[in-house]
Peer 1: 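Please read through the structure below; I'll follow up with questions.
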Amino acid sequence: MPSNVLENIISLCKRRGFIFQSSEIYGGLSNTWDYGPFGVELKNNVKSAWWKANVWQRSDTFGMDAAILMHPAVWKASGHLDNFFDLKSDCKSCHKRFKTQDLKDKDRCPECAGELTSARPFNLMFKTYQGPLEDEANVVYLRPETAQGMFVNFANILDSRHPKLPFGLAQIGKSFRNEITPGNFTFRTREFEQMEIEYFVRPEDSDRAFEEWLALRFDWYLKLGIKKENIRMRPHSPDELAHYAKSCTDIEYNFPFGWSELEGVANRTDYDLKQHSQASGRDLMYFDDVRKERFFPYIIEPSAGVDRSVLAFLVDAYCQEGVKNETRVVLKLHKDLAPVKVAVLPLLRNRPQLVEMARCLALDLKKSFVTLYDDTASIGKLYRRQDEIGTIYCVTVDVQSMEDKQVTVRDRDTMQQVRIPVEGVERYLREKLT
Ligand code: GAP
C-alpha cells in the first residue's frame, strides 16, 4: 500500500470533517484526536455493527457498561500495577524518549546518535485522585482496558441473569494508556476506545472456543468490506504471550505503515477470575448444577480497538479513480458503515420551487436514513464532496423534476444514474440499503 495513503486520509479527514487534531487552536495536543460530524457517525456505525453481531444476534452474550474508574485493588489483582510496564530509554542529547523494544541499537539514539540511558520501566496507567485530597489513599487509575469491569461483575451477572456456560459479556468503552510512542494518526493514542468480549467456558472447551471466536471476528471485518488481501492472522510466539494467556492470535491489517494489530483474540485461562476471587475474598467460581462441579471458567477474549477499526475501514475504502481526465477520490465504505446514506442535491439553487422540492424530499428521507441536503456548489462539486464522505446515494432534483415529479438517483460506486418517481425514492433506497 503506498505510504502517502495515510497523509491523503489524514487530509481528507480534516477537510471533510471526520477527524481533527485535538485542541488545534492552541497548537494541538499531540497524538490526540477529535471525531467530527462524519467521524462520529462512522465510529458509531462501527460500534453498532459490532454490538449487533456480538450482542443482539447471539443468545449467549450480555452487554455491559462498567465505569472507567475502578477500585485500585482491581489493578493490583489484575497484575497491571506490577506488570503493565514498557521499558523506555531516553536520549541524553536530544531528550527524546523511546520504547526500548523498538530500538535496534539499545545504546544510541536513532534520531541524533546521542547516548541513551539504560532501559527503565514505565507504568502505562494514568494515575489521578478521587476527591479533593491528592494523597496516596485517594489514588485511582483510568482503566487501561475495559476487560476488568467485566471480570469483577462476573458474580453479578450469575446472580442476576443465571446464565449457563458458555456465555459472554460484551462492552464498548474508553481506555487510557500513557503510551511512550503513540503515533500513526489514530492507530496508537493515549485515549482510545475498545470493543471487548469476555467469553466464559469450561476449561476443556477453551481451545475450541478460541478457534471459533477467532474465525468469527476475522469474518466480521470481511463482511464489513475489508479486502481479503489486507487482513491476516498472526499467532503469538510463546515469548510474546502475556503472563495470563495460554494462547493469543492477533488479527492484523495491512496499514500504510505496515502490518499491525487490529484486534487480539486470547485464551486468558482462569487467571482473572482466580486473581479477583483471591484478592476480593468473593467466590467467583461457577457451579455446574448438572455435573455438580464448582470451578473457575476459562475466558476467551476477543479485544478490538474502535479507533483502529475505523482507521482500517477508512484506509481500505479510500480510492482514487480517473474519471474524464480528473481524479475522483471516493470512500467506498460498506453501506452499514458509511456516515451518510443519502444526499439530496438541487441542480439549481436559484429556482425557489426546485429548492423547495429538494428540501422537502430531504426532510422526508431524514425520517428513514442519515440524509444531507446541500446546495452550496455546482452539481459536479457536490458529487465530489459526497464521494469523499462516502455517501452511498445522491438524489438530484432538476428542472424536469418539477414537471414529471421524477428525480435522479446516483450510485456512489458505479456512478450510474436512474430516474425514478419522487414518491418512490424512500422505498427504492430502503431496498438498496437494508
Ligand atoms: N484486554 C486485552 C487488551 O486490552 P490489547 O492487545 O492490549 O489487549 C486490545 O488491546 C486492542 O485495543 C488492540 O488490538 C487495539 O486495537 C486496541 N488498542 C490497544 N492499545 C491502543 C492504543 N494505545 N491506541 C489505540 N488502540 C489501542
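Heavy atoms only: backbone and side chains are in, while hydrogens, waters and symmetry mates are out. The first residue of the sequence shown is numbered 1, and numbering continues consecutively from there. Atoms within a ligand are numbered from 1 in the order they appear, just like the ligands themselves.
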Peer 1: Should one rank Phe192, Phe176, Phe84, Phe151 by closest heavy-atom distance to atom 27 (C) of ligand 1, which comes out on top?
Peer 2: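 Comparing heavy atoms across Phe192, Phe176, Phe84, Phe151, the nearest one to atom 27 (C) of ligand 1 lies in Phe192.
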Peer 1: Quick one: do Glu204 and Arg202 make a salt bridge, cutoff under 4.0 Å?
Peer 2: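 Salt bridge between Glu204 and Arg202, a charged N being under 4.0 Å from a carboxylate O: yes.
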Peer 1: Which of the atoms in ligand 1, numbered in the order shown and given with their element, are less than 4.0 Å from a heavy-atom of Phe187?
Peer 2: 24 (N), 25 (C), 26 (N)
Peer 1: Below a 4.0 angstrom heavy-atom separation, can you tell me which part of Arg308, side chain or backbone, both or neither, approaches ligand 1?
Peer 2: side chain
Peer 1: Looking at ligand 1, is there an atom of it that comes within less than 4.0 Å of some heavy atom belonging to Thr189?
Peer 2: yes
Peer 1: So which protein heavy atom does atom 17 (C) of ligand 1 come closest to, and at what separation?
Peer 2: Gly305 CA, 3.7 Å
Peer 1: Below 4.0 angstrom from a heavy atom of Glu301, which ligand 1 atoms are there? Numbered from 1 as shown, please.
Peer 2: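 Those qualifying, in numeric order: 1 (N), 2 (C).
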Peer 1: If the threshold is 4.0 Å, N to carboxylate O, is there a salt bridge linking Glu388 and Arg412?
Peer 2: no
Peer 1: Is the shortest N/O to N/O distance between Leu262 and ligand 1 below 3.5 Å?
Peer 2: yes
Peer 1: Between Glu196 and ligand 1, is there a nitrogen or oxygen pair with a distance under 3.5 Å?
Peer 2: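 Yes: some nitrogen or oxygen of Glu196 is under 3.5 Å from one in ligand 1.
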Peer 1: Glu263 heavy atoms, cut-off 4.0 Å: which ligand 1 atoms fall inside?
Peer 2: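 Checking each atom against Glu263, I get 14 (O).
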Peer 1: Quick test of your reading of the model: are Asp102 and Lys88 salt-bridged, counting only N-O distances below 4.0 Å?
Peer 2: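 The answer is no: the pair does not qualify as a salt bridge.
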Peer 1: Between Glu261, Arg188, Arg177, Arg268, flag the one that comes closest to atom 14 (O) of ligand 1 by a heavy atom.
Peer 2: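 Answer by nearest heavy atom: Glu261.
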Peer 1: Decide, yes or no, whether a salt bridge links Asp364 with Lys366 under the criterion of side-chain N to carboxylate O below 4.0 Å.
Peer 2: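 A salt bridge is absent here (no side-chain N lies under 4.0 Å from a carboxylate O).
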Peer 1: Check the orientation of Phe176 and Phe126. Use parallel for under 30°, tilted for 30 to 60°, and perpendicular for over 60°.
Peer 2: perpendicular
Peer 1: Do the side chains of Glu145 and Arg268 get close enough for a salt bridge, i.e. N-O under 4.0 angstrom?
Peer 2: yes
Peer 1: List the closest protein heavy-atom neighbour of atom 10 (O) of ligand 1: residue, atom name, distance to the nearest 0.1 Å.
Peer 2: Gln194 NE2, 3.4 Å
Peer 1: I'd like to check Glu263 versus Met195 (side-chain heavy atoms, cut-off strictly below 4.5 Å). Are they in contact?
Peer 2: no
Peer 1: Counting non-hydrogen protein atoms only, what is the nearest one to atom 9 (C) of ligand 1? Give residue, atom name and distance.
Peer 2: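 The protein heavy atom lying closest is Ser303 OG, 2.9 Å.
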Peer 1: Between Tyr286, Phe154, Tyr298, which is the residue that forms a ring pair (Phe, Tyr, Trp, His ring centres under 6.0 Å) with Phe200?
Peer 2: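 Looking at Tyr286, Phe154, Tyr298, the match for Phe200 under the ring pair (Phe, Tyr, Trp, His ring centres under 6.0 Å) is Phe154.
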Peer 1: Run the numbers for me: atoms of ligand 1, each under 4.0 Å from some heavy atom of Glu145, listed by number.
Peer 2: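 It comes down to these atoms of ligand 1: 1 (N), 2 (C), 3 (C), 4 (O).
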Peer 1: Using 4.0 Å as the upper bound for N to carboxylate O, is an ion pair formed by Arg430 and Glu426?
Peer 2: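 Counted as a salt bridge, because a side-chain N and a carboxylate O are separated by less than 4.0 Å.
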